[in-house]
Amino acid sequence: VQLQASGGGLVQVGGSLRLSCVASGRTFSRFDMGWFRQAPGKEREFVAAISQSSWSGVRTYYADSVKGRFTISRDNAKNTVSLQMNSLKPEDTAVYYCAADEDGSGTYYSDSSYEYWGQGTLVTVSS
């Protein structure tokens, strides 16, 4: 599956951005999707994830650092997962990556669970 992320940019503290990731090549609804980020000089970290199954429905997960400010959502008809980011802080500055987990490992916070990755989109929050 190919993932194409977009929506990054420069925003002031307290502002908002919406990231989108379009998937192609496989049945999108089968995948658990995640967003990760990597700030300069730091390791890649989990941001948010969304899973979907016939028995549990749609579930969302967030890193503590973004809980209450970021919202992940998916539109299976458009093969898209989005990340609405509000109340942005300078520490949110990073390259954001979308990722797809095909086999549903369930360890949503670990980047090793995801088989496919987008190219990243840069978010810069200025103070």
Side-chain angles (χ1 to χ4, degrees):
V1 64
Q2 293 77 45
L3 302 175
Q4 182 71 39
S6 63
L10 175 64
V11 63
Q12 292 187 333
V13 170
S16 298
L17 279 176
R18 185 176 181 87
L19 305 184
S20 295
C21 176
V22 180
S24 60
R26 297 283 181 90
T27 305
F28 177 73
S29 60
R30 295 174 46 195
F31 291 85
D32 293 339
M33 300 297 297
W35 285 97
F36 289 75
R37 67 186 181 187
Q38 187 167 21
K42 295 187 177 181
E43 294 186 352
R44 187 164 56 190
E45 64 175 2
F46 169 74
V47 175
I50 185 166
S51 64
Q52 180 174 332
S53 68
S54 57
W55 57 88
S56 64
V58 175
R59 291 186 174 182
T60 58
Y61 310 89
Y62 298 94
D64 288 343
S65 60
V66 307
K67 201 170 294 183
R69 300 188 297 122
F70 291 10
T71 302
I72 189 171
S73 60
R74 66 189 299 160
D75 184 339
N76 290 338
K78 297 182 178 179
N79 286 5
T80 299
V81 61
S82 298
L83 186 69
Q84 177 66 41
M85 306 186 296
N86 298 328
S87 303
L88 284 161
K89 305 175 181 180
E91 51 264 43
D92 295 319
T93 295
V95 177
Y96 284 71
Y97 299 89
C98 61
D101 175 10
E102 184 172 18
D103 57 16
S105 64
T107 313
Y108 54 87
Y109 51 84
S110 173
D111 58 3
S112 62
S113 297
Y114 296 82
E115 296 86 8
Y116 306 99
W117 291 83
Q119 85 287 1
T121 185
L122 176 62
V123 172
T124 303
V125 184
S126 65
S127 56

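Quantities reported herein were computed from a predicted structural model and do not represent experimental measurements.
- Sorted by first and then second residue, the pairs that involve residues 11-106 and meet disulfide bond (SG atoms under 2.5 Å apart), not counting sequence neighbours, are Cys21-Cys98.
- Atom OG1 of residue Thr60 and atom CZ of residue Phe70 lie 14.0 Å apart, to the nearest 0.5 angstrom.
- Of the possible donor and acceptor atoms, one in the side chain of Ser113 sits under 3.5 Å from a partner among the backbone N and O of Thr107.
- Residues Tyr114 and Tyr109 share a single hydrophobic cluster, defined by chaining ILVMFWY side chains whose heavy atoms lie under 4.5 Å apart.
- Gln84 and Arg18 make their closest contact through OE1-NH1, 3.2 Å (heavy atoms, listed as atom of the first residue, atom of the second, distance).
- Rounding to the nearest 0.5 angstrom, the gap separating the CG atom in Leu88 from the OG1 atom in Thr93 is 8.5 Å.
- Note on residues 46-66: pairs passing salt bridge (charged side-chain N to carboxylate O under 4.0 Å, His left out), not counting sequence neighbours, are Asp64-Lys67.
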Please report, to 0.1 Å, the donor-acceptor pairs under 3.5 Å made by any side chain of residues 35-50, with sequence neighbours excluded.
unit_1	atom_1	unit_2	atom_2	d
Arg37	NE	Glu45	OE2	2.6
Arg37	NH1	Asp92	OD1	2.9
Arg37	NH1	Tyr96	OH	2.9
Arg37	NH2	Glu45	OE2	3.1
Gln38	NE2	Lys42	O	3.0
Arg44	NE	Asp111	OD2	3.4
Arg44	NH2	Asp111	OD2	3.4

Step-by-step side chain to side chain contact (heavy atoms under 4.5 Å, CB included) determination, Gln52 to Asn76: CA-CA 10 Å; Gln52 180 174 332; Asn76 290 338; 2.8 Å; yes
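- Every residue two or more places apart in sequence or in another chain that forms a side chain to side chain donor-acceptor pair (under 3.5 Å) with Ser110 is listed here: Ser112.
- Atom CD of Gln12 has 12 or fewer heavy atoms from other residues, nucleotides or ligands within 6.0 Å.
- When hydrophobic clusters are built by joining Ile, Leu, Val, Met, Phe, Trp and Tyr residues whose side-chain heavy atoms come closer than 4.5 Å, directly or via intermediates, Met33 is grouped together with Val58.
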Review item, side-chain donor-acceptor pairs of residues 1-8, under 3.5 Å, at least two apart:
unit_1	atom_1	unit_2	atom_2	d
Gln2	OE1	Ser24	OG	3.4

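- Applying the side-chain hydrogen bond (donor to acceptor under 3.5 Å, both in side chains) rule to pairs touching residues 117-127 yields nothing, sequence neighbours excluded.
- The shortest heavy-atom contact between Val81 and Phe28 is N-CZ, 4.0 Å.
- The CG atom of Leu83 sits 7.5 Å away from the OH atom of Tyr62 when rounded to the nearest 0.5 Å.
- Val66 and Val125 end up in the same hydrophobic cluster when Ile, Leu, Val, Met, Phe, Trp and Tyr side chains are linked at under 4.5 Å.
- Between Thr80 and Val22, the shortest heavy-atom distance links the atoms OG1-CG2, 3.8 Å.
- Residues Leu122 and Val13 are members of separate hydrophobic clusters, defined by side-chain heavy-atom contacts under 4.5 angstrom among Ile, Leu, Val, Met, Phe, Trp and Tyr.
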